[in-house]
Amino acid sequence: MPLSLYDTLSREILPVRPMDGETLRFYCCGPTVYGPAHIGNFRTFVMQDVFRRVVEAGGMATRHVRNLTDVDDKTIRRSQEEGRSLAEFTAAWTVRFHADCAALGILPPHVEPSAVAHLPEQIALIERLIEKGHAYRAHDGSVYYDVRSFPGYGKLSRLAEREITTDAPEREQADEYDRHSAADFALWKAARPEDGPNRWPSPWGEGRPGWHIECSAMAMKHLGESFDLHSGGVDLVFPHHENEIAQSEAATGRPFARHWFHVAHLTVEGRKMSKSLGNLHILEDLAARGHRPMELRYVLISGCYRQPLNFTFASLAAARKALARLADWQRRLGGPPDFLLPGEEDFGPFGPVYDALLSDLNTPEALGRLHRIGREVVAAAEGGTLPPQEFETARHGLALVLQCLGLDLSETDTTAPPAPEAPAWVQALAAERLDARRRRDWDEADRLRDQIKEAGWLVRDAPDTSTLEPLGPPIAT
RNA sequence: GGCGAGGUCGCCAAGUGGUAAGGCUGGGCUCUGCAAAAGCCCCAUCGCGGGUUCGAUUCCCGCCCUCGCCUCCA
């Protein structure tokens, strides 16, 4: 059974099938590498990752391309502010992005093309559009796409051209002077003084590519003129993806991507994420509050990708508990098997979890089923009512399902959290209490426990010893 | 104004034309010197008003409210 997924273009849930019958080729709009990616960015990347894992678990090969936008207004401006070359600046943020993705268990794409490394492809595509009469050169050496030359313009976002032009803000007025229509967008931007050394030669003079053209050029280069699926955050529907379609289909005369997969946005504690609210959280912020990346991943897949998801620190704490439980079950089922054989028939009792994922990537339903089935299976295994062979199937199925969700529980050992060392004086109290406990002086032991608790530490007794752990995640100030 | 999404237990969040998954929190119990952990159990009639229907949270209409996009923000 193939994965069914909502398609933004047709507004229908459609099966996702490779058009070549072998490899599912898909493109994801990647990050602009000018700073750390925030949790909203990661919602999209995590969902794209789950998508890929689910497809691959069904035995299908994939070819995953995700670009790096490393030349645009922001990268140019920021790099200059810091006095670094554009290449040096974007390389540093790319390293950071890769590290964050790895922490979140996001599989690296098979190809990760960079925009600056694909200038010839972009220029060639623009030339092709000019030749076909879909683009024109402005006086300053910029090149614009002629939106009116493409009848299908607006089909993805359902925005009539009339709407786009009527209320266009009065920004970039200088450019508008040269544009045939306010809806026309730049394919090539003529160099400006403030761009500094960040300019490249082209048939139209020095400049740099517009934003949208990079994805068209790189997707076509690495996936072909027509491919299976294209993905990004909902905000990219318009104008980015609308423009990509216009550019690509006008140039090739062929359908660009067959399926469009968009991930809804995140709110934070019920409010829109924004710089001014200071809630554009990044992985670093969460770590400072004692949260692991996997906890964020769990939160990010706990809602339907088509619905806005409300991120809260309470849900992060809930995720920690839920992960600990899953890790416990996995341990009690004998731990993950040494190797996994992907295939729908191998999910054993966890088949319904995978079915939920195949049904429009319903991750919350999948998590619900995972908890319900997991509880039953573990109880049966420990109650002795699970035949040995089914025990092995369950163990394997659980691992497969966790792999689809990308939940790596290896770091989730509840008995040994990455707890910071308690201050020496708290440890001294704990040692004192352990003595009292060994003397069976319960009153003294309880008194010391309370004292330690007030200091923010929990005493956890084992038969012959005790350990300390912080009471809840530290609250960032 | 245009296009679109949504209002389900204290919080997060699925789902269905026949009386509502799951996680967290909370309450009870088992275990434990106590506590923690673990386990078991309990906890919602689905924004408001109409309509269709044997029956609606699920379909239709109206209203209220929230949110997203409408030129470079995932």
Side-chain angles (χ1 to χ4, degrees), chain A residues 8 11 28-32 37-48 69 72-74 154 157-160 162-169 171-172 175 182-186 210-212 231-240 242-243 262-267 269-275 280 298-299 302-304 306-326 328 332 356 362-375 378-379 382 414-415 437 440-443 445-446 449-450 453 458-463 466-467 469:
Chain A
T8 311
R11 297 191 175 186
C28 300
C29 286
T32 300
H38 55 70
I39 58 177
N41 296 310
F42 284 123
R43 180 183 192 191
T44 300
F45 299 131
V46 163
M47 284 311 306
Q48 291 165 342
T69 295
D72 79 324
D73 289 340
K74 295 188 293 288
S157 56
R158 260 57 171 197
L159 285 169
R162 175 173 47 80
E163 301 296 341
I164 298 162
T165 54
T166 304
D167 293 328
R171 51 197 294 188
E172 296 189 67
D175 286 348
D184 292 353
F185 55 91
W211 174 36
H212 315 296
S231 171
V234 277
D235 56 304
L236 296 184
V237 173
F238 186 87
H240 188 53
E242 193 72 61
N243 292 351
H262 290 104
V263 180
H265 280 185
L266 217 53
T267 55
E269 306 286 355
R271 311 176 80 179
K272 182 184 176 178
M273 284 201 308
S274 74
K275 248 185 297 184
L280 277 172
Y298 189 96
V299 171
S302 70
C304 259
R306 284 206 269 157
Q307 245 59 62
L309 177 67
N310 187 23
F311 171 88
T312 66
F313 282 94
S315 54
L316 212 47
R320 163 176 296 192
K321 291 285 195 71
L323 284 168
R325 167 174 293 205
L326 293 175
D328 189 50
R332 292 202 263 164
N362 193 335
T363 49
E365 176 70 32
L367 288 175
R369 293 183 183 186
L370 172 57
H371 281 281
R372 188 155 33 79
I373 295 169
R375 193 189 320 115
V378 171
E382 298 189 339
T414 50
T415 61
R437 185 166 164 247
R440 306 185 71 82
D441 182 351
W442 307 129
D443 287 344
D446 288 347
R449 180 201 293 284
D450 288 343
K453 190 175 178 181
L458 173 75
V459 181
R460 190 169 252 177
D461 282 340
S466 65
T467 54
E469 64 182 70

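So you know, we letter chains A, B, ... as the sequences are listed, proteins then strands, and number each from 1.
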Visitor: Between Gly270(A) and Asp73(A), which has a closest nucleotide on RNA chain B that is more 5'?
Guide: Gly270(A)
Visitor: According to the Watson-Crick and G-U wobble definitions, with both distances under 3.5 Å, which nucleotide is paired to rC48(B)?
Guide: rG62(B)
Visitor: Could you work out the separation of rA38(B) and rG23(B) based on their P atoms and round it to a whole Å?
Guide: 13 Å
Visitor: When both hydrogen-bonding distances must be under 3.5 Å and the geometry is Watson-Crick or G-U wobble, what is rU57(B) paired with, if anything?
Guide: none
Visitor: Heavy atoms under 4.0 Å, any strand shown: does Arg11(A) hit a base, just sugar-phosphate, or nothing?
Guide: sugar-phosphate
Visitor: Please determine if a side-chain N or O atom of Arg369(A) lies less than 4.0 Å away from the OP1 or OP2 oxygen of rA13(B).
Guide: no
Visitor: Is there a Watson-Crick or G-U wobble partner for rC31(B) with both distances under 3.5 Å, and which nucleotide is it?
Guide: none
Visitor: Only pairs with both distances under 3.5 Å count, Watson-Crick or wobble alike; so what is the partner of rC67(B) in this structure?
Guide: rG4(B)
Visitor: When you measure from the side chain of Ala318(A), which nucleotide among rC24(B), rA14(B), rA21(B) comes out closest?
Guide: rC24(B)
Visitor: Please tell me which of the listed nucleotides, rG68(B), rA74(B), rA38(B), lies nearest to the side chain of Arg332(A)?
Guide: rA38(B)
Visitor: Separation of His371(A) atom NE2 from rG23(B) atom P, in whole Å?
Guide: 6 Å
Visitor: Name the nucleic acid region contacted by Met273(A), choosing base, sugar-phosphate or nothing; use a 4.0 angstrom heavy-atom cut-off, strictly under.
Guide: base
Visitor: Only counting residues at least two apart or in another chain, list the ones meeting side-chain hydrogen bond (donor to acceptor under 3.5 Å, both in side chains) with Lys321(A).
Guide: none
Visitor: Rounding to a whole Å, what distance do you find between Tyr298(A):OH and rA13(B):P?
Guide: 13 Å
Visitor: Does Leu266(A) form a side-chain contact (heavy atoms from CB on, under 4.5 Å) with Phe42(A)? I'd like the steps, not just the answer.
Guide: CA-CA 10 Å; Leu266(A) 217 53; Phe42(A) 284 123; over 6 Å; no
Visitor: Roughly, in whole Å, what's the span from CH2 in Trp211(A) to P in rU71(B)?
Guide: 12 Å
Visitor: Taking the C1' atom in each of rG18(B) and rG28(B), what is the distance between them to the nearest angstrom?
Guide: 33 Å
Visitor: Which atom pairs link the protein and nucleotides 8-12 of chain B when you take only N or O atoms and keep those under 3.5 Å?
Guide:
| unit_1 | atom_1 | unit_2 | atom_2 | d |
| --- | --- | --- | --- | --- |
| rC12(B) | OP1 | Asn310(A) | ND2 | 3.3 |

Visitor: Measure CG/Asp235(A) against P/rC3(B) and give the value in whole Å, please.
Guide: 21 Å
Visitor: Counting any heavy atom closer than 4.0 Å, what does Gly232(A) reach on the DNA or RNA strands: base, sugar-phosphate only, or nothing?
Guide: sugar-phosphate
Visitor: Considering only atom C1', compute the distance from rA21(B) to rA44(B) and round it to an integer number of Å.
Guide: 13 Å
Visitor: Does Cys29(A) reach a base, just sugar-phosphate, or nothing at all? Heavy atoms under 4.0 Å.
Guide: nothing
Visitor: Which part of the nucleic acid, if any, lies within contact of Arg437(A), taking any heavy atom under 4.0 Å across all strands shown: a base, the sugar-phosphate backbone alone, or nothing?
Guide: base
Visitor: Do we count His265(A) as stacking onto rA74(B) if the rule is ring centres under 5.5 Å and planes under 30°?
Guide: yes
Visitor: Between Ala462(A) and Glu365(A), who's closer to the 5' end of RNA chain B by nearest nucleotide?
Guide: Glu365(A)
Visitor: Base, sugar-phosphate alone, or nothing: which one does His38(A) contact when heavy atoms must sit under 4.0 Å apart?
Guide: base
Visitor: Would you mind reading off the distance between Glu382(A) atom CD and rC31(B) atom C1', rounded to a whole angstrom?
Guide: 15 Å
Visitor: Hey, does the side chain of Glu242(A) reach the backbone of Ser157(A) with a donor-acceptor pair shorter than 3.5 angstrom?
Guide: yes
Visitor: Tell me what Val459(A) touches on the nucleic acid: a base, only sugar-phosphate, or nothing, going by heavy atoms under 4.0 Å.
Guide: base
Visitor: Taking atom types as they are modelled, would you say the side chain of Arg449(A) forms a donor-acceptor pair with the base of rC34(B) within the 3.5 Å cutoff?
Guide: yes
Visitor: Rounding to an integer number of Å, can you tell me how far Arg440(A) CZ sits from rG33(B) C1'?
Guide: 7 Å
Visitor: When you look at His371(A) and Arg325(A), which way does the side-chain contact (heavy atoms from CB on, under 4.5 Å) test go after all the steps?
Guide: CA-CA 9 Å; His371(A) 281 281; Arg325(A) 167 174 293 205; 4.1 Å; yes
Visitor: Might you point out which heavy atoms bring Glu269(A) and Phe313(A) nearest each other, and give the distance in Å?
Guide: OE2-N, 3.0 Å
Visitor: Considering every strand shown, what is the Watson-Crick or G-U wobble mate of rC73(B) when both distances are under 3.5 Å?
Guide: none
Visitor: Using a cut-off of less than 4.0 Å, is there contact between a side-chain N or O of Gln307(A) and OP1 or OP2 of rG6(B)?
Guide: yes
Visitor: If the C1' atom of rG26(B) is compared with that of rG10(B), how far apart are they to the nearest Å?
Guide: 8 Å
Visitor: Indicate whether OP1 or OP2 belonging to rA36(B) is found under 4.0 Å from a side-chain N or O atom of Lys321(A).
Guide: no
Visitor: Mind checking whether His212(A) and His240(A) have parallel, tilted or perpendicular rings, split at 30° and 60°?
Guide: tilted
Visitor: Between Asn243(A) (CG) and rC70(B) (C1'), how many Å, whole number?
Guide: 13 Å
Visitor: I want to check one thing: is the phosphate of rG23(B), taken as OP1 and OP2, less than 4.0 Å away from some side-chain N or O of Arg320(A)?
Guide: no
Visitor: Quick check: does any side chain N or O of Thr69(A) sit under 3.5 Å from a backbone N or O of Gly30(A), one acting as donor and the other as acceptor?
Guide: no
Visitor: Would you kindly check whether a donor in the side chain of Asp461(A) faces an acceptor in the base of rC34(B), or vice versa, at under 3.5 angstrom?
Guide: yes
Visitor: Taking the P atom of each, how far is rC67(B) from rU30(B), in whole Å?
Guide: 48 Å
Visitor: Excluding sequence neighbours, so at least two apart, what forms salt bridge (charged side-chain N to carboxylate O under 4.0 Å, His left out) with Asp446(A)?
Guide: none
Visitor: Let's see if you can work this out: which of rC24(B), rA14(B), rA74(B) has an atom nearest to the side-chain heavy atoms of Cys304(A)?
Guide: rA14(B)
Visitor: Apply side-chain hydrogen bond (donor to acceptor under 3.5 Å, both in side chains) to His38(A) and list each qualifying residue two or more places apart in sequence or on a separate chain.
Guide: Asn41(A)
Visitor: Report the residues that fulfil salt bridge (charged side-chain N to carboxylate O under 4.0 Å, His left out) with Glu382(A), sequence neighbours left out, ordered by chain and then residue number.
Guide: Arg332(A)
Visitor: Both distances below 3.5 Å, Watson-Crick or wobble geometry, any strand: find the nucleotide opposite rU19(B).
Guide: none
Visitor: Determine the Euclidean distance between corresponding C1' atoms of rC3(B) and rC11(B); express it in Å to zero decimal places.
Guide: 32 Å
Visitor: Can you name the residues that form a side-chain hydrogen bond (donor to acceptor under 3.5 Å, both in side chains) with Thr32(A), not counting sequence neighbours?
Guide: none
Visitor: Give me the distance, rounded to whole Å, that separates rU58(B) from rC48(B) when you measure between the P atoms they each carry.
Guide: 10 Å
Visitor: CG of Leu367(A) versus P of rC24(B): gap in Å, rounded?
Guide: 12 Å
Visitor: Is any side-chain nitrogen or oxygen of Lys74(A) closer than 4.0 Å to OP1 or OP2 of rC73(B)?
Guide: yes
Visitor: Can you check whether any acceptor in the base of rG33(B) is under 3.5 Å from a donor in the side chain of Asp446(A), or vice versa?
Guide: yes
Visitor: For rC12(B) and rC31(B), measure between their P atoms and round to the nearest Å.
Guide: 37 Å
